[in-house]
Amino acid sequence: MKVLVVGGGGREHALAWKMKQSPRVEQVFVAPGNGGTARDADLTNIAITDVKALRQWAQAQGIALTVVGPEAPLAAGVVDEFRAHGMRIFGPTKAAAQLESSKAFSKAFMKRHGIPTASYETFTDAAAAHAYVEREGAPIVVKADGLAAGKGVVVAMTLAEAHEAIDFMLLDNKLGVAHNEGGARVVIESFLQGEEASFIVLCDGKHVTALATSQDHKRLLDADQGPNTGGMGAYSPAPVVTPEVHRRAMEEIILPTIRGMEQDGIPYTGFLYAGLMIEPSGAVKTLEFNCRMGDPETQPIMMRLQSDLAEVMLAATEERLDQIALQWDERFAMGVVLAAAGYPMDPRKGDAITALPADRADAVVFHAGTTMKDGQVFTSGGRVLCATALGHGVAEAQERAYELVAGVAFDGMQYRTDIGYRALSK
Ligand code: AMP
Ligand code: GLY
């Protein structure tokens with residue numbers, strides 16, 4: 001069959017890389033793809049991003065299965081559009097994608113269904129928001145309501161930072177993020193402490209299957225310093241997700257969420273990603289929902305997946321997930337993100353990637369913000385590459401991932417040197 005992967009980041013490169021290994025798959029298209037999917041002879045890039053045009057193209061091509069990577073096409077209704085024309089696609093509808101696309105929606109949803117999360121208030125009026133943080137005190141967390149590519153959250157350690165974030169997001173609307181009814185809105189929530197993990201499941205509307213656990217590094221610099229980013233590295237499994245944490249995440253967060261969406265008349269299908277905060281007491285709280293896989297979590301997760309991804313996705317679009325037992329490589333997988341100069345605030349584009357190691361089954365440099373021109377790969381976005389490798393244990397996976405990094409070169413390349421440190425200390 002012909003398969004379409006929607007998106008153009010590292011996550012989509014990893015999904016397409018895994019998809020092409022399936023004996024059931026004849027051809028994999030990636031829309032729009034990137035330099036990495038362009039240079040892979042087994043993958044074909046398609047320069048269409050408009051949802052309706054993409055559906056028309058997919059129909060004409062006889063695409064049998066579509067898998068959506070990023071949140072933007074989901075929030076734009078790509079799943080609704082494909083389904084309305086009888087096409088098989090894995091992802092949530094536009095209404096269900098609000099779990100990610102609107103923080104106000106997801107916080108109200110969690111409150112209504114008793115799903116553990118930080119307490120919060122929602123504001124459109126800056127004066128009221130300022131008064132609220134004065135009452136609550138710091139640390140406190142200010143979040144723009146709407147999709148902001150990981151940049152819409154300020155964890156304010158002081159009141160001054162909180163006030164500044166409110167003005168930035170609400171008064172000046174500097175992020176330019178509009179929520180569903182238009183205009184700017186913020187969610188202000190209490191500060192949670194603990195260790196974060198990414199908990200990602202597949203939902204077919206009736207059944208839920210957890211993927212391997214993973215953990216991401218959100219801050220730009222070593223030792224979790226510097227600004228928040230979309231993620232500077234990830235690994236799987238996440239040792240912090242003990243069997244007990246896993247059980248609590250499923251029973252207290254994932255299953256009530258699926259049931260709650262069903263009760264609210266918005267059945268959930270697709271990947272569901274709960275960002276967990278595991279508190280020192282062992283309690284598990286929801287930091288956020290994403291209606292997609294994580295990036296860069298997908299890269300190490302796909303490297304460990306031994307099951308046929310096409311088979312899994314078919315089952316997931318036919319309410320047959322209960323018949324699937326996912327098989328995982330027992331090794332540890334680690335991915336180190338190589339970012340462009342200036343990331344995350346103002347990434348520079350157009351630097352030539354002058355060295356790139358050849359892919360192996362257990363060590364792949366996945367592409368994200370890259371483009372190919374005349375046979376040469378150039379940077380074209382903030383997160384450029386993700387060097388991902390398998391190893392026996394955390395230390396070996398880390399060593400092998402950084403060996404891969406050492407083989408890559410482009411001007412201004414920045415990366416963390418401590419990806420996996422939390423897992424190493426466990
Ligand atoms: P979000 O996009 O909501 O996951 O937020 C991005 C990052 O901000 C998270 O991965 C956390 O590191 C941090 N964060 C978000 N909400 C909170 C909170 N209530 N308490 C502490 N840190 C938070
Ligand atoms: N790596 C975090 C995310 O995909 O949201």
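Indexing begins at 1, ligand by ligand and atom by atom, following the structure's order. Numbering of residues begins at 1 and proceeds along the displayed sequence.
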Would you mind listing which atoms of ligand 1 come within a distance below 4.0 Å of any non-hydrogen atom of [X]?
X    : answer
K218 : 10 (O)
L192 : 18 (C), 19 (N), 20 (N), 21 (C)
E189 : 16 (N), 17 (C), 18 (C), 19 (N)
F191 : 20 (N), 21 (C)
K103 : 1 (P), 2 (O), 3 (O)
K143 : 3 (O), 15 (C), 16 (N)
L287 : 3 (O), 11 (C), 15 (C), 16 (N), 17 (C), 18 (C), 23 (C)

Which residue from T117, V153, V142 reaches closest to atom 5 (O) of ligand 1 through any of its heavy atoms?
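Looking at heavy atoms only, the winner is V153.
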Measure the distances from the heavy atoms of P139 to every atom of ligand 1 and state whether one is below 4.0 angstrom.
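In this structure, P139 fails to qualify as a contact of ligand 1 - no heavy atom is under 4.0 Å.
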contact_flag Q193 ligand 1 heavy-atom lt 4.0 Å
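The answer is no: ligand 1 sits nowhere under 4.0 Å from a heavy atom of Q193.
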Worked check of side chain to side chain contact (heavy atoms under 4.5 Å, CB included) between K218 and D216:
CA-CA 6 Å; K218 290 257 164 62; D216 175 18; 3.3 Å; yes
Between [X] and ligand 2, does any nitrogen or oxygen pair lie at a separation below 3.5 Å?
X    : answer
E288 : no
G230 : yes
D295 : yes

Taking a cutoff of less than 4.0 Å between a non-hydrogen atom of the residue and any ligand atom, is A234 in contact with ligand 2?
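Under 4.0 Å: no for A234.
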What atoms of ligand 2 come within less than 4.0 Å of a heavy atom belonging to [X]?
X    : result
G294 : 4 (O)
N290 : 5 (O)
K218 : 2 (C)

In terms of heavy-atom contacts, does NZ of K94 have more than 12 from other residues, nucleotides or ligands at under 6.0 Å?
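Open: at most 12 neighbouring heavy atoms sit under 6.0 Å from NZ of K94.
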Ring centres under 6.0 Å, that's the criterion: do F410 and F378 meet it?
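Centroid separation for F410 and F378: 6.0 Å or greater.
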Ligand 1 versus V155: contacting region, heavy-atom distance under 4.0 Å:
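Side chain only; the backbone of V155 stays clear of ligand 1.
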Is any NZ, NE, NH1 or NH2 atom of the basic residue among [X] and [Y] found under 4.0 Å from an Asp or Glu carboxylate oxygen of the other?
X    : Y    : answer
K107 : E189 : yes
E262 : R259 : no
R422 : D224 : yes

For atom 5 (O) of ligand 2, find the nearest protein heavy atom and state the residue, atom name and distance (0.1 Å precision).
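Looking at atom 5 (O) of ligand 2, the protein heavy atom closest to it is R292 NH2, 2.8 Å.
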Please list the nearest protein heavy atom to atom 2 (C) of ligand 2 with its residue and the distance rounded to 0.1 Å.
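Protein heavy atom at minimum distance: D216 OD2, 3.2 Å.
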Could you walk me through whether Y273 and E297 pass the side-chain hydrogen bond (donor to acceptor under 3.5 Å, both in side chains) test, one step at a time?
CA-CA 10 Å; Y273 167 153; E297 291 92 327; 2.7 Å; yes
Hey, is E297 touching ligand 2 through its side chain, its backbone, both or neither, going by heavy atoms under 4.0 Å?
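Answer for E297: side chain.
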If we count only N and O atoms by modelled type, under 3.5 Å, do the side chains of [X] and [Y] hold a donor and an acceptor together?
X    : Y    : result
H163 : H130 : yes
R83  : T269 : yes
T317 : R88  : yes
D80  : T93  : no

Which atoms form the tightest heavy-atom contact between R400 and L390, and what is the distance?
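For R400 and L390, the tightest heavy-atom pair comes out as NH1-O, 2.6 Å.
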In terms of relative ring orientation, are F123 and Y132 parallel, tilted or perpendicular, with 30° and 60° separating the classes?
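Plane angle between 30° and 60°, so tilted.
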